[in-house]
Amino acid sequence: NFDETEHTLKKGVYNEIKINILFGLRYEKKAARLAEELLIEYKKGITEFTLVPSDGGRFEVELNDSLLFSKKEEGRYPSFDEIKAKIDSQ
């Protein structure tokens, strides 16, 4: 059953989501799962979604080039609900 309710990001604003990850340490699966959840949640509100290979153990989530979450700063991985709340508060 298709759910007609859809969260949208700011209209008229470039809504790019970027996840910077270190490949090779199983970060890929966490990033892919988060990406899938965000794409399902925000559907057409996202104009660009990018997974970026990084170094230094990074797992960062950005919205329109603004950092929403950094594993390096927080010492843990983000939950979907945490990222969603940060996006919704923008």
Completion exercise
Distance col, row D55:CG vs L22:CG, nearest 0.5 angstrom, shows 7.5 Å

Problem - Residues forming a side chain to side chain donor-acceptor pair (under 3.5 Å) with E37, sequence neighbours excluded - result: none

Handout entry: Residue list, side chain to side chain contact (heavy atoms under 4.5 Å, CB included) with L51, at least two apart or on another chain
Key = I19, A31, F49

Handout entry: Any residue meeting side chain to side chain contact (heavy atoms under 4.5 Å, CB included) with S70, in chain and number order, not counting sequence neighbours
Key = E60, L67, K72, E73

Handout entry: Any residue meeting salt bridge (charged side-chain N to carboxylate O under 4.0 Å, His left out) with E82, in chain and number order, not counting sequence neighbours
Key = R76

Exercise for the section: Find the distance between CD1 (I40) and CZ (F80) and round it off to the nearest 0.5 Å. Expected result: 8.5 Å

Problem - D88 versus Y42, side-chain donor and acceptor atoms under 3.5 Å - result: yes

Practice task
Output all residues satisfying side chain to side chain contact (heavy atoms under 4.5 Å, CB included) with D81, sequence neighbours left out; order by chain, then residue number.
Solution key: S79

Exercise for the section: Can you sort out the partners of F69 under ring-ring contact (aromatic ring centres under 6.0 Å, His included), two or more places apart, ordered by chain and number? Expected result: none

Practice task
Compare every heavy atom of Y77 with every heavy atom of F59, then report the nearest pair and how far apart it is.
Solution key: CD1-CE2, 3.8 Å

Completion exercise
Between G45 and N15 the two heavy atoms that sit nearest each other are O-CB, 3.0 Å

Exercise for the section: Over all heavy atoms of both residues, which pair between E28 and I21 is shortest? Give the atoms and the distance, please. Expected result: CA-CD1, 4.0 Å

Handout entry: From S89 atom OG to L63 atom CG, the distance as rounded to the nearest 0.5 Å
Key = 9.5 Å

Practice task
Please check if L38 and V52 belong to a single hydrophobic cluster, counting links between Ile, Leu, Val, Met, Phe, Trp and Tyr side chain heavy atoms closer than 4.5 Å.
Solution key: no

Fill in the blank from the handout: side-chain contact (heavy atoms from CB on, under 4.5 Å) with L68: of K18, E62, K86, only one passes, and it is K86

Exercise for the section: Using a 4.5 Å cut-off on heavy atoms from C-beta on, say whether the side chain of I83 contacts that of I17. Expected result: no

